[in-house]
Amino acid sequence: MPDLLIEQLYKSYEIRDESLSILRDISFELSVGENLGIVGPSGSGKSTLLYIIGTLEKPTSGQIQMNGQNPFNLPETSLAAFRNEQIGFIFQDHHLLPQLSAIENILIPTLAHGRPSTEQTTRAHQLLDRVGLADRRHHLPSELSGGERQRVAIARALIHEPKLLLADEPTGNLDRSTAESVTDLLLDIQQDSQPQTMMIVVTHSSALANRLQQRYELDLGQLK
Ligand SMILES: Nc1ncnc2c1ncn2[C@@H]1O[C@H](COP(=O)(O)OP(=O)(O)O)[C@@H](O)[C@H]1O
Ligand SMILES: [Mg+2]
C-alpha cells in the first residue's frame, strides 16, 4: 500500500443556491521519499486540494489515507495533533510570526505541548544551520530577506520530522535566482530527510514543477 493514497476527491462549495464544483475525481498515490508537483493557473483549485490533503479542509466526498489511516475519521483534537505532527506546511507568504525570532518561529509547532524539549531546541538549531541561517537565529522576520524568511519557514515545517511536506507556491513571492536556491534547498532537504518524507508542491511555476519527480496539471478541477 502506498504511504499516501488520495481517492476520488471531490470538492464543491455551496454559494447561496449554486453549487460551485472545484475539484473532480482527484486520485493519486505517493510513497515515502517521493515528491510530486501540481501545476495550474490561479483559481484552478491548487490551494483547495493542498488544504484537503493537509486536513485543513474537508472534501465533499472521497478519501485520504496516510499510513493506512483516514485522518478525517479522527476526533477533532486528535486530527489537530495528527496535522501538527505528521504534516509540514510551507506557504507562499511564509506565515512567520513577526514578533518572534527565527529560532522561536521554528519552534512554534512544538508549543502545542508547552515548552519545547531540549531535543527539539537542539533540532531547531540544527535545522536553522541546515537552511544556512545559523548566524541569523535572533533576527525577526522583518530583519530577514524574502528568501531567508522562506528558509525559516522550511525549517519550521520540518521540526516534527513530518511524514508529508506540503508547499503552496513556496517560491511565488521570490525573484528568479532566490526561487531557484529555495527550490534547491527544498529538494535537497526532502531527499536527505531522515526518516524520509513525501512532498507535494502546488505552483503555477513550471520551472519549479519541472524539478519534481512526478508532475500533474490541474485543469477544470481534474488532474491530468
Ligand atoms: N471558501 C470558499 N468558498 C467558496 N469558493 C471558494 C472558497 N475557497 C476557494 N474558493 C474558490 O475555489 C476556486 C479555487 O481556489 P484556490 O484553490 O484558492 O485556487 P488556486 O490556489 O489554484 O489559485 C476559486 O475559484 C475560489 O474562488
Ligand atoms: Mg492558491
Side-chain angles (χ1 to χ4, degrees), residues 4-30 35-64 66 70-72 76 79-80 83-84 87-97 141 146-147 149-154 156-158 162 164-176 178-180 182-183 185-187 190 197-224:
L4 176 70
L5 184 64
I6 306 293
E7 270 187 328
Q8 298 174 326
L9 284 189
Y10 285 77
K11 179 70 179 177
S12 51
Y13 288 112
E14 309 304 321
I15 305 283
R16 282 157 288 278
D17 43 3
E18 292 207 14
S19 175
L20 184 64
S21 165
I22 308 292
L23 300 172
R24 290 187 290 135
D25 200 12
I26 306 271
S27 300
F28 64 86
E29 40 184 76
L30 209 60
N35 63 48
L36 177 153
I38 297 173
V39 279
S42 177
S44 58
K46 303 182 298 297
S47 295
T48 305
L49 175 57
L50 208 69
Y51 288 9
I52 292 173
I53 297 168
T55 74
L56 289 165
E57 184 109 45
K58 276 203 158 124
T60 305
S61 65
Q63 67 157 339
I64 295 175
M66 223 169 109
N70 180 347
F72 290 114
E76 194 52 51
L79 179 61
R83 186 187 303 130
N84 183 37
I87 302 177
F89 288 95
I90 299 157
F91 301 95
Q92 176 168 358
D93 56 345
H94 63 80
H95 287 203
L96 300 178
L97 292 184
R149 279 179 217 143
Q150 211 50 326
R151 286 169 183 268
V152 175
I154 291 169
R156 180 189 51 188
L158 291 162
L164 177 62
L165 264 180
L166 299 176
D168 189 354
E169 302 279 10
T171 60
N173 286 351
L174 306 176
D175 63 64
R176 204 174 69 188
T178 309
E180 244 170 62
V182 166
T183 303
L185 175 70
L186 205 51
L187 289 168
Q190 187 231 341
T197 182
M198 302 176 269
M199 180 165 75
I200 301 176
V201 181
V202 304
T203 178
H204 62 259
S205 158
S206 17
L208 172 54
N210 286 341
R211 304 271 314 269
L212 298 160
Q213 293 161 346
Q214 297 183 58
R215 179 194 153 133
Y216 288 109
E217 269 171 52
L218 194 55
D219 181 31
L220 299 175
Q222 290 189 296
L223 275 195
K224 302 258 159 79

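Because only heavy atoms are used, hydrogens play no part in the values below, and waters and symmetry mates are left out as well, while side chains stay in. In listed order, ligands and their atoms are each counted from 1. Because the structure is predicted, anything quoted here is derived from the model rather than measured.
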Numbered in order shown, the ligand 1 atoms found under 4.0 Å of a heavy atom of Ile15 are 4 (C)
Tightest non-hydrogen contact, residues His94 and Arg149, listed as NE2-CD, 3.4 Å
Can you pull out the closest protein heavy atom to atom 10 (N) of ligand 1? Residue, atom name and distance to 0.1 Å, please. Tyr13 CE1, 3.5 Å
Where is the nearest protein heavy atom to atom 24 (C) of ligand 1: which residue, which atom, and how far? Gly43 O, 3.9 Å
Any side-chain heavy atom of Tyr10 sitting closer than 4.5 Å to one from Leu23? no
Donor-acceptor pair, Asn35 side chain versus Gln213 backbone, under 3.5 Å? yes
Atom 11 (C) of ligand 1: closest protein heavy atom, distance to 0.1 Å, is Ile22 CD1, 3.8 Å
Atom 18 (O) of ligand 1 has as its nearest protein heavy atom Ser47 CB, 3.8 Å
Does Gln92 bring an N, O or S atom to under 2.8 Å of the Mg ion (ligand 2)? no
Between Leu218, Thr48, Leu49, Leu23, which one has a non-hydrogen atom sitting closest to atom 16 (P) of ligand 1? Thr48
I'd like to know whether Ile22 forms a side-chain contact (heavy atoms from CB on, under 4.5 Å) with Thr60, so could you lay out the CA-CA distance, the side-chain angles of the two residues, the decisive distance to 0.1 Å, and finally the verdict. CA-CA 10 Å; Ile22 308 292; Thr60 305; over 6 Å; no
Decide yes or no for Leu50 and Phe89: does some side-chain heavy atom of the first lie under 4.5 Å from some side-chain heavy atom of the second? no
Go through ligand 1 atom by atom and flag the ones less than 4.0 Å from a non-hydrogen atom of Pro41. 22 (O)
Which pair of non-hydrogen atoms, one from Pro141 and one from Leu96, has the smallest distance, and what is that distance? CG-CB, 3.9 Å
Residue, atom and distance of the protein heavy atom nearest atom 19 (O) of ligand 1 read Gly45 N, 3.2 Å
Which atoms of ligand 1 sit under 4.0 Å from any heavy atom of Ser42? 23 (O)
Side chain proximity check, Leu212 to Leu187, heavy atoms < 4.5 angstrom: yes
Would you say CD of Glu18 has more than 12 non-hydrogen atoms from neighbouring residues, nucleotides or ligands within 6.0 angstrom? no
Below the 3.5 angstrom mark, is there an N/O of Leu20, backbone or side chain, next to an N/O of ligand 1? no
Does Val202 approach ligand 1 within less than 4.0 angstrom via side chain, backbone, both or neither, non-hydrogen atoms only? neither
